[in-house]
Each structure stands twice: as structure tokens, then as C-alpha cells.
Enquirer: 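Dumping the structure here so I can ask a few things about it.
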Number of protein chains: 2
Amino acid sequence: MAKLDARLDLHFAALGDPTRRAILSRLARGPASVSELAAPHDMALPSFMGHLKKLEDAGLITTVKEGRVRHCQLAPDAFAPVQDWLGEQRALWNGRLDRFDDYVANLMKDRNR
Amino acid sequence: MAKLDARLDLHFAALGDPTRRAILSRLARGPASVSELAAPHDMALPSFMGHLKKLEDAGLITTVKEGRVRHCQLAPDAFAPVQDWLGEQRALWNGRLDRFDDYVANLMKDRNR
DNA sequence: TGTTTAGTTAGGCACATGGCTAAGCTTGAT
DNA sequence: ATCAAGCTTAGCCATGTGCCTAACTAAACA
């Protein structure tokens, strides 16, 4: 669980920045080089690379260097951990509702006695 | 778009911390007071309150003070913005957006420059 | 009325984050 | 052999984050 936690930390932290979400949206349309990705963002290249590094550290994208160009693409199943966590929360919430139903059911039973 | 962006920033940033995710998991089981929530976390109360504040600022939880006790609960549809964003990404990935949507997205990108 | 309980406010410290410039290093083109 | 393109490294700065302690306020209780 602790390992998963650390991964989720990186995932959510990476997603908590509009520049990085924009990069992901761009990559969802297809792979691109660093400078292609950087072009629409009014930011010095080293700053931009910092964002790419966080996305890669989080496992959201993968990059390969070919010659002097680095190609980037979305990682397969990039959002699976986030989806899974949301699913868990949903399950907890539903469990709560189930218990609430039980509670109400019991109340009714008691009342009818 | 800019407003949604800011909201997503807060959401994801709030989720990017294990303490705060634990709070949400606890609240998914039902409402609780501040000290009930804080009990399992080995942390000074002011530090813990900082986490609660971020969750509330992000709109993930709501709190009400009754007497000297502050009651906390999950906000209704707390995760909707995150779910929506993930849905969008999925749609992009699946290439489900038609040309008009693409056209609008590009327009907006240009406008924001 | 005095004490305990439950938060809150104030302030401080260490480290992370997000931005910059300047300089360096491969690779591809001329 | 030289120059340009495409990163990459190094180092700096301002601000934000996450934690702490100490002192405070406002209920609830005895």
C-alpha cells in the first residue's frame, strides 16, 4: 500500500498543474518531440523540461532520445492508478450507503415490533 | 476554461498527499469531527487543520461548526471534476472528438496565447 | 466559577516547486 | 571543419508547502 501511495502522490502532484495537463492532452492526440510540445507554452526550455521530467517520473509519459531529438508519448494505462483510486473511493461510498440501508432496514424492523 | 483549470489544480493538488487521501477515505465511510479525523494521524492539530483547509478549499469536503465541534463530510459529487477530466483524456485518446471540437480547442489555445 | 475540551491564530523553520539565465554538449547539415 | 538545432546542466531566486510550538478563544461541564 505504501508503494502505491507514493505512486499516487506523484500522479496527482503531476496532474495538479495546468501546463502538465496541457502536455498530456496534447500527447493524447499523438506523440511529439520536446520542442513541439514546448512551442505553445511561453516558458524557457529548462523550465518546460522540468514539467516533462515530473510527468515521466510519475510514469504518465515515456520518452526516448533519438539522435538529438527526444520523443515523448503517453504511457500505456497512464491513468489506471488514478482511476483505481477513484473506484476505491466509490466503493467505500457505496459501502456506506449499504450500511445506511441496513441501518434503516433495522430501524423499520424495530418499529414494526 | 481558466476557471475549471484553477479548480482542477486545487483538486489534484489536494489529492496529491497521502494524509489528505486518507481523510477522504475515512469520510467516505461517514461524517466525523476534526478530532475524530485527526486521531489516527501522528501530527500536531494545526498541521492537520491545514490539510482539512486544503480539502475544503478544493471543494472536496464541507465543514460546519456546531458549538465547539467542527463536523466534516465529503462534498456531494466531490470527484466529479476529476472524473470529467479523465473522461476527456480518454475521449482524446480514443480519437472520439470530431473536427469541430478540435477546431474549437485550437481556437481557445490560440486565444490564450 | 473554574476547568477541561475542541479548535484556532501566530509565527517560525526546512525543504520543495516553478520560474529564470548562461553556458555546455551532442548530432545533423553545409 | 564549422555552424545550427535540440536538448541538458548548473546555479540562482521567489514563493509555496508541511511541519512544529506556544499562546489564545469559545463552548461545555462540574
Side-chain angles (χ1 to χ4, degrees), chain A residues 2 5-27 30-74, chain B residues 2 5-27 30-74 112-113:
Chain A
D5 257 34
R7 187 182 191 83
L8 274 179
D9 285 357
L10 289 176
H11 257 86
F12 281 121
L15 292 174
D17 177 289
T19 300
R20 291 193 291 263
R21 287 198 304 277
I23 295 172
L24 292 174
S25 293
R26 165 62 189 79
L27 285 180
S33 73
V34 168
S35 34
E36 278 166 3
L37 287 176
H41 300 277
D42 186 17
M43 188 182 297
L45 203 56
S47 313
F48 188 79
M49 295 288 296
H51 288 299
L52 286 183
K53 181 166 184 352
K54 291 201 172 171
L55 288 170
E56 192 169 12
D57 287 349
L60 288 166
I61 69 172
T62 61
T63 77
V64 199
K65 193 154 186 183
E66 227 176 274
R68 61 185 168 176
V69 175
R70 179 173 295 275
H71 300 281
C72 310
Q73 57 178 359
L74 266 192
Chain B
D5 258 33
R7 186 181 192 84
L8 274 179
D9 285 357
L10 289 176
H11 257 87
F12 281 122
L15 293 174
D17 177 288
T19 300
R20 290 193 292 263
R21 287 197 305 278
I23 295 172
L24 292 174
S25 293
R26 165 63 190 79
L27 285 179
S33 73
V34 168
S35 32
E36 278 166 4
L37 287 176
H41 300 276
D42 185 17
M43 188 181 297
L45 204 56
S47 313
F48 188 79
M49 295 289 295
H51 288 299
L52 285 182
K53 181 166 182 352
K54 288 197 176 175
L55 288 170
E56 191 169 11
D57 287 348
L60 288 166
I61 69 172
T62 61
T63 77
V64 200
K65 193 157 186 182
E66 226 177 274
R68 61 185 169 175
V69 175
R70 180 172 294 276
H71 300 280
C72 309
Q73 57 178 357
L74 265 192
N112 291 341
R113 226 186 286 140

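Protein chains get the first letters and strands the later ones, always in sequence-line order, with residue 1 at the start of each.
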Enquirer: Is there a side-chain contact between B/Leu15 and B/Arg20 (heavy atoms, below 4.5 Å)?
Expert: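 No, side chains not in contact.
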Enquirer: Strictly by salt bridge (charged side-chain N to carboxylate O under 4.0 Å, His left out), give each pair with a member in residues 32-45 of chain B just once, sequence neighbours left out.
Expert: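 The answer is none; no pair qualifies.
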Enquirer: Between the opening five pairs and the closing five pairs of the helix from C/dT1-D/dA30 to C/dT30-D/dA1, how far apart are the helix axes, to 10°?
Expert: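 Axis-to-axis angle, ends of the helix: 10°.
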Enquirer: How far apart are the C-alpha atoms of A/Lys54 and A/Leu60, what are their side-chain angles, what is the distance that settles it, and do they pass the side-chain contact (heavy atoms from CB on, under 4.5 Å) test?
Expert: CA-CA 9 Å; A/Lys54 291 201 172 171; A/Leu60 288 166; over 6 Å; no
Enquirer: Can you pull every protein N or O that's under 3.5 Å from an N or O on nucleotides 12-19 of chain C?
Expert:
from   : atom 1 : to      : atom 2 : distance (Å)
C/dG18 : OP1    : A/Arg20 : NH2    : 3.4
C/dG18 : OP2    : A/Arg20 : NH1    : 3.3
C/dG18 : OP2    : A/Lys54 : NZ     : 2.4
C/dG19 : OP2    : A/His51 : NE2    : 2.3

Enquirer: Let me confirm one number: the CG-CG distance from A/Leu45 to A/Leu52, rounded to the nearest 0.5 Å.
Expert: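 Interatomic distance, A/Leu45 CG to A/Leu52 CG, rounded to 0.5 Å: 8.5 Å.
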Enquirer: Any heavy-atom pair between the side chains of A/Asp9 and B/Arg21 that's under 4.5 Å?
Expert: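 They are in side-chain contact.
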Enquirer: C/dT27, OP1 or OP2 - any side-chain N/O from A/Lys65 closer than 4.0 Å?
Expert: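 Checking C/dT27 against A/Lys65, no side-chain N or O comes under 4.0 Å of OP1 or OP2.
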Enquirer: I need the CE-C1' distance between A/Met49 and D/dA10, as an integer number of Å.
Expert: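 Going from A/Met49 (CE) to D/dA10 (C1'), I get 14 Å.
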Enquirer: Please list, chain by chain and in numerical order, all residues satisfying side-chain hydrogen bond (donor to acceptor under 3.5 Å, both in side chains) with A/Glu56, sequence neighbours excluded.
Expert: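 side-chain hydrogen bond (donor to acceptor under 3.5 Å, both in side chains) check on A/Glu56 returns A/Thr63.
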Enquirer: Got a list of protein N/O to nucleotides 22-29 of chain D N/O distances below 3.5 Å?
Expert:
from   : atom 1 : to      : atom 2 : distance (Å)
D/dA27 : N3     : B/Arg68 : NH1    : 3.3

Enquirer: Whole angstroms only, please: what is the CG-C1' distance between B/Leu55 and D/dG18?
Expert: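 The answer, rounded to whole Å, is 14 Å.
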Enquirer: When rounded to the nearest 0.5 angstrom, what is the spacing between NE2 in A/His11 and CG in A/Asp57?
Expert: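 If I round to the nearest 0.5 Å, the distance is 12.0 Å.
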Enquirer: Grab the CZ-C1' distance between A/Arg70 and D/dT8 for me, whole Å please.
Expert: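 The distance from CZ of A/Arg70 to C1' of D/dT8 comes to 9 Å, rounded to the nearest Å.
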Enquirer: Can you check the B/Leu45 CG to C/dT8 P distance for me, whole Å?
Expert: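 Between P of C/dT8 and CG of B/Leu45: 8 Å.
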Enquirer: Provide, to the nearest angstrom, the distance between the CG atom belonging to B/Leu10 and the C1' atom belonging to D/dT17.
Expert: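 Checked: the CG to C1' distance equals 14 Å.
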Enquirer: In whole angstroms, how far is the C1' atom of D/dG18 from the CG atom of A/Asp9?
Expert: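 To the nearest whole Å, that distance equals 13 Å.
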Enquirer: Using the side-chain contact (heavy atoms from CB on, under 4.5 Å) rule, take A/Met43 and A/His51 through it: C-alpha gap first, then chi angles, then the decisive distance, then the call.
Expert: CA-CA 11 Å; A/Met43 188 182 297; A/His51 288 299; 3.8 Å; yes
Enquirer: Given atom CD of A/Glu56 and atom P of D/dC7, what is their separation to the nearest angstrom?
Expert: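 Rounding to the nearest Å, CD of A/Glu56 and P of D/dC7 are 13 Å apart.
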Enquirer: Below 4.0 angstrom from OP1 or OP2 of C/dA6, is there any side-chain N or O of B/Ser33?
Expert: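 B/Ser33 to C/dA6 OP1/OP2: no side-chain N or O under 4.0 Å.
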Enquirer: Give the rounded distance in Å between these two atoms: CD of A/Glu36 and C1' of D/dA5.
Expert: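 A/Glu36 atom CD is separated from D/dA5 atom C1' by 13 Å.
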Enquirer: Where is the tightest heavy-atom contact between A/Ala22 and A/His41, given as atom of each residue plus distance?
Expert: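 What the structure gives for the nearest pair is CB-CE1, 3.7 Å.
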Enquirer: Taking only residues at least two apart or on different chains, which pairs with a member in residues 64-73 of chain B satisfy salt bridge (charged side-chain N to carboxylate O under 4.0 Å, His left out)?
Expert: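 Listed by first then second residue: nothing to list.
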Enquirer: At their closest point, which heavy atom of B/Ala58 faces which heavy atom of B/Leu10, and how far apart are they?
Expert: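 Looks like CB-O, 3.7 Å.
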